[in-house]
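Numbers here are sequence positions counted from 1.
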Amino acid sequence: VFQSFIYFNWTLACVPEKHKRSPLNQLTRTLLRGYDSGVRPVQNWTSPTVVYIDLILQSILNVDGKTQSLTTCIWYRQIWTDEFLVWDPEEFDGITEISLLSDAIWVPDVIVSEFVDEGKSPPIPYVYVNSSGLVKNYRPVQAVLACKLELYAFPFDKQNCTLTFRSWLHSVQELDLALWRSAEAIASEQTEFMNDGEWELLSIPSHYWQLQQAGGEYAHIQFNVLIRRRPLLYVVGLLIPSIFLMLVDVMSFYLPINSGTRVTFKTSTLLGYTVFRVNLMDELPATAVTTPLIGVFFAACMALLMLSLAKSILAIKLLHHGETESPVLSLEDLWDGLSSRLDWILQDLLCLRLALAEGESEDVAQGKWLVLCAKVDRVLFRVYLFILVMYTSTLVLLWLSWGLA
């Protein structure tokens, strides 16, 4: 009997004691017991659920003019009150906040209208809930946004891209939107922005409005991301060399019109333009809508260079056109037809007189063509100089306006 009693006690000691659920586990089970994630969490169904939106911009990854899109990293959060997730902290060991699976509770259907692709966004499966039912849903997103880009003033361009938050299905009577922080605080928020890249963040103004659609009003909150490009790299590596190349071409107008050296010099300049044009196309943002102002000026200068080169070639051709003509009378033919030496001398003098007269007429014609070419050359020079001055002045004004913004 004694041995049986000892064995019984030893068996009881070896049986593991059933673990008591922790207060956190009990609270989670209590909150989710009978919870329906498909029902809007309000006691009175006529009361709208207010979803607060907050936005923080972290970095600008890419601006694509061809697809009219902006790739950015943002951190935004949605905050709302769930009236079914309320508890007394004193009943659960003083717990005031817990994390729950977002799939287990009701989540508002708030989307960003400009989203093209969410990219590589890390999944965040949890939300924070406090004892008063306030739910906080934090989401870091690498988003590709549809954005109407204005690249005409490149590289002194400023962009205004929007992020519009709205409910996909719920009207304002069921789901309303509001800002979590003040509009001024969001607009001046730059603490998290990586401000050492090509783009500089100016501000993020926001505004709220309601849109009448499909028989109901839908709440919208729009954030305007105002950014500008830092142009120094393009000024040093692109704009200044282009101005120098144009100045070299302008100086070529001081060479004589009928000089072969001018043709050689302009041909070399055209080769330089071609090489620079290839590099320019690699640096300019690809766009299917507008052409940057730099590209327009550069194309105009290349057209003027081609006209000047063609004019120089035509002038040289006209000046040397008479050198390939045969004489009016051949000396050999004259010798065979002369019956006496005196007749030969008279014919020789006549041939010389005709040749001199023809040379004088050719010199007069060449002089007229030279005058015409000189006039065209002066017109091209003035047009070229005007374009160069306008190009330089426009770049300076764009840079000044960029700095004053």
Side-chain angles (χ1 to χ4, degrees), residues 63-66 151-157 198 229-324 366 369-399:
V63 177
D64 192 341
K66 188 174 183 179
L151 299 173
Y152 186 70
F154 173 86
F156 307 102
D157 53 325
E198 181 180 356
R229 194 190 306 266
R230 290 188 172 95
L232 184 59
L233 177 63
Y234 298 99
V235 171
V236 175
L238 191 65
L239 301 185
I240 294 179
S242 67
I243 294 176
F244 287 163
L245 186 59
M246 293 177 186
L247 284 175
V248 170
D249 194 14
V250 167
M251 289 188 293
S252 67
F253 282 91
Y254 289 97
L255 293 174
I257 301 176
N258 56 348
S259 173
T261 307
R262 182 173 186 176
V263 176
T264 305
F265 186 85
K266 283 189 170 292
T267 304
S268 302
T269 307
L270 180 61
L271 179 61
Y273 263 102
T274 305
V275 175
F276 195 82
R277 179 70 177 176
V278 173
N279 296 332
L280 180 67
M281 296 307 297
D282 292 337
E283 295 292 339
L284 289 178
T287 172
V289 181
T290 59
T291 302
L293 187 62
I294 298 176
V296 176
F297 275 116
F298 209 78
C301 290
M302 287 192 68
L304 289 175
L305 173 60
M306 289 297 299
L307 289 176
S308 177
L309 180 60
K311 176 188 61 59
S312 299
I313 294 175
L314 180 61
I316 294 177
K317 174 64 177 176
L318 291 173
L319 291 176
H320 295 278
H321 178 70
E323 295 181 358
T324 58
Q366 290 176 358
W369 279 110
L370 281 177
V371 172
L372 179 60
C373 290
K375 291 181 178 179
V376 174
D377 196 65
R378 285 194 296 269
V379 172
L380 289 178
F381 172 76
R382 292 171 181 174
V383 173
Y384 205 133
L385 194 60
F386 174 76
I387 291 179
L388 178 59
V389 172
M390 287 293 297
Y391 176 65
T392 307
S393 302
T394 303
L395 294 179
V396 172
L397 291 176
L398 289 175
W399 199 350

Next item on the list: Please step through side chain to side chain contact (heavy atoms under 4.5 Å, CB included) for the pair V250 and F381, ending with a clear verdict.
Entry: CA-CA 7 Å; V250 167; F381 172 76; 3.6 Å; yes
Check: Would Y273 and D249 count as a side chain to side chain contact (heavy atoms under 4.5 Å, CB included) if you check the C-alpha gap in whole Å, the side-chain angles of each, and the deciding distance to 0.1 Å?
Finding: CA-CA 10 Å; Y273 263 102; D249 194 14; 3.8 Å; yes
Check: Would L238 and F154 satisfy side chain to side chain contact (heavy atoms under 4.5 Å, CB included), going step by step from the backbone distance to the final call?
Finding: CA-CA 11 Å; L238 191 65; F154 173 86; 4.3 Å; yes
Next item on the list: Check the pair V248 / M251 against side chain to side chain contact (heavy atoms under 4.5 Å, CB included), numbers first and verdict last.
Entry: CA-CA 5 Å; V248 170; M251 289 188 293; 4.3 Å; yes
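Remark: L305 CG to M246 CE distance equals 11.0 Å, nearest 0.5 Å. Interatomic distance, CD1 of I240 versus CG of L245, reported as 14.0 Å (0.5 Å rounding). Atoms CG and CE, on L309 and M306 in that order, are 6.0 Å from each other to the nearest 0.5 Å. Between the CZ atom in F156 and the OH atom in Y234 there is a gap of 11.5 Å [rounded to 0.5 Å]. Once rounded to the nearest 0.5 Å, the distance linking CG of L293 with CE of M390 reads 9.0 Å. To the nearest 0.5 Å, atoms CD1 (I387) and OG1 (T392) are separated by 11.5 Å.
For S252 against K266, the heavy-atom pair with the smallest separation is OG-NZ, 2.9 Å. Of all heavy-atom pairs spanning P155 and I294, the tightest one is CD-CD1, 3.6 Å.
The only option from L271, V263, T269 that meets the side chain to side chain contact (heavy atoms under 4.5 Å, CB included) definition with T267 turns out to be V263.
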